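These numbers come from a predicted model, not from an experiment. Order of appearance sets the numbers: ligands from 1, and atoms from 1 within every ligand.
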Amino acid sequence: MVPAEQPTLYFLGVSTGSSSIQRVFPAWAAELGLDDAVLRGIDLPVGAPAEHTRRIVEFLRQDALGVGMQITSHKISVGTAARDLFAQLRPLATLMGEVSCVTKGPDGLHGFAKDPVAGALALDAIVPPGAWAERRANAVVLGAGGAGTALTWCLVRQERGEDRPATLVVTDRSRERLDHLASIARQVGPDVPLELVQVGSTDDTDAVLAAQPAGSLVVNATGLGKDLPGSPIGEDALLPEGATAWDLNYRGDLRFLDTALRQAGERSIRVEDGWTYFVHGWLQAVKEVFQVDVPTSGPAFDRLSDIARSVR
Ligand SMILES: NC(=O)c1ccc[n+]([C@@H]2O[C@H](COP(=O)([O-])OP(=O)(O)OC[C@H]3O[C@@H](n4cnc5c(N)ncnc54)[C@H](OP(=O)(O)O)[C@@H]3O)[C@@H](O)[C@H]2O)c1
């Protein structure tokens, strides 16, 4: 890897060249006055040896103009294989067991987990504060990976008081992932009932949906529909009446959202994609790495979202 020649935010992922942020970052940099800052992607295949992740973090540590790194894949590997290269891991990174954003301080590298922060901002935009207390519906998170676990934190943490789902239901194919998510849920919101369902087919997941009360939130956090084609639910799965269907993806074949859209009118389903989450996730990284104020709502946030949409 060649050292940076101007202030550089690195972006570690699997196929960073095809991400919208390649076009969005220069537009935001101009808007936020980060005139000479650039974004540079680093691709590492899924399942790459931990040693490779470590070398990338070591490179960042030594690269004078490398100001930070946003990580979309390999977050767990950065937080574990490169743990000793960090001067500090922030509390959420330690709790989640992963690092999604790296900044540089006078003492060295700082590791953050930004998915819970961005997820909470996106969740508040989709389910406005106060709404859970009113409707006593469930939240169903399909997929207990990094994003599903971050959303669990957002949904059940005790600070939210009454404004939490009646029950949190989480599905995954792996018992181990469900157990890891449960250990975090129990630390931050032990009083929200948690139902873990190990699924092996779309029929299993459709049965989970059929058991939910009206008005529930159903989140596709499986990666199906983007990382891999397909959907965690069957083509004819019925969402709860008045549900909100939220796919964390905003690109890909988005079949989960297609199923939701087909019944939107008849069953009053609200359909949301992952765009707002994407915008919050990257703006939180820009804020932390470049130490600039970024809006989280209102016209100023909408403007940055619109700028991003116009170039994505
Ligand atoms: N909009 C945004 O800015 C944003 C931010 C964060 C994440 N995301 C998106 O959210 C998705 C999840 O990300 P992630 O980092 O959490 O991925 P991840 O760590 O791979 O987690 C996905 C989890 O879902 C499980 N899964 C797969 N198929 C399933 C099914 N049919 N039913 C239940 N669980 C299933 C996976 O199990 P296996 O390992 O067995 O497949 C894995 O445990 C990705 O598409 C990502 O792009 C979007």
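Residue contact check: Val199 has heavy atoms under 4.0 Å from atoms 32 (N), 33 (C) of ligand 1. In the vicinity of Lys226, heavy-atom distances shorter than 4.0 Å reach the ligand 1 atoms 47 (O). Short contacts between ligand 1 and Asn249, defined as distances under 4.0 Å to a heavy atom of the residue, involve ligand atoms 9 (C), 44 (C), 45 (O), 46 (C), 47 (O). Less than 4.0 angstrom separates some heavy atom of Gly143 from each of these atoms of ligand 1: 24 (O), 34 (N). The atoms of ligand 1 that sit less than 4.0 Å from any heavy atom of Ala221 are 12 (C), 22 (C), 24 (O).
A 4.5 Å side-chain heavy-atom check between Thr205 and Leu142 finds at least one atom pair inside the cut-off.
Of the protein's non-hydrogen atoms, the one nearest atom 17 (O) of ligand 1 is Gly146 N, 4.6 Å. Atom 7 (C) of ligand 1 has its closest protein heavy atom at Ala147 CB, 3.7 Å. Annotation: atom 28 (N) of ligand 1 to nearest protein heavy atom, Arg173 CZ, 3.5 Å. In this structure, the protein non-hydrogen atom closest to atom 30 (C) of ligand 1 is Thr222 CG2, 3.8 Å. Of the protein's non-hydrogen atoms, Gly145 CA, 3.2 Å is the one closest to atom 21 (O) of ligand 1. What sits closest to atom 36 (C) of ligand 1 on the protein, heavy atoms only, is Asp172 OD2, 4.0 Å. Taking atom 10 (O) of ligand 1 as the reference point, the nearest protein heavy-atom neighbour is Leu248 CB, 3.6 Å. Among protein heavy atoms, atom 39 (O) of ligand 1 sits closest to Arg177 NH2, 3.3 Å.
Counting heavy atoms under 4.0 Å from ligand 1, residue Thr205 does not touch it at all.
Between the side chain of Arg40 and the main chain of Tyr10, no donor-acceptor pair closer than 3.5 Å is present. For Thr8 (side chain) and Gln6 (main-chain N/O), a donor-acceptor pair under 3.5 Å exists by modelled atom type. Judged purely by atom type and a 3.5 angstrom limit, Ser19 has no side-chain atom pairing as donor or acceptor with the backbone of Thr16.
For Glu266, the CD atom counts as loosely surrounded, since its 6.0 Å shell holds 12 or fewer non-hydrogen atoms of other residues, nucleotides or ligands. Atom CG of Leu194 is surrounded by more than 12 heavy atoms from other residues, nucleotides or ligands within 6.0 Å.
Looking at Thr222 and Asn220, their side chains do bring a donor and an acceptor atom within 3.5 Å of each other.
Exactly one residue among Thr171, Leu238, Asp206 makes a side chain to side chain contact (heavy atoms under 4.5 Å, CB included) with Ile233. That residue is Asp206.
Atom NE2 of His74 and atom CG of Leu44 lie 4.0 Å apart (nearest 0.5 Å).
Relative ring orientation between His280 and Phe301 is described as parallel, the plane-to-plane angle staying below 30° on a 0-90° scale split at 30° and 60°.
Ligand 1 has no nitrogen or oxygen under 3.5 angstrom from a nitrogen or oxygen of Pro232.
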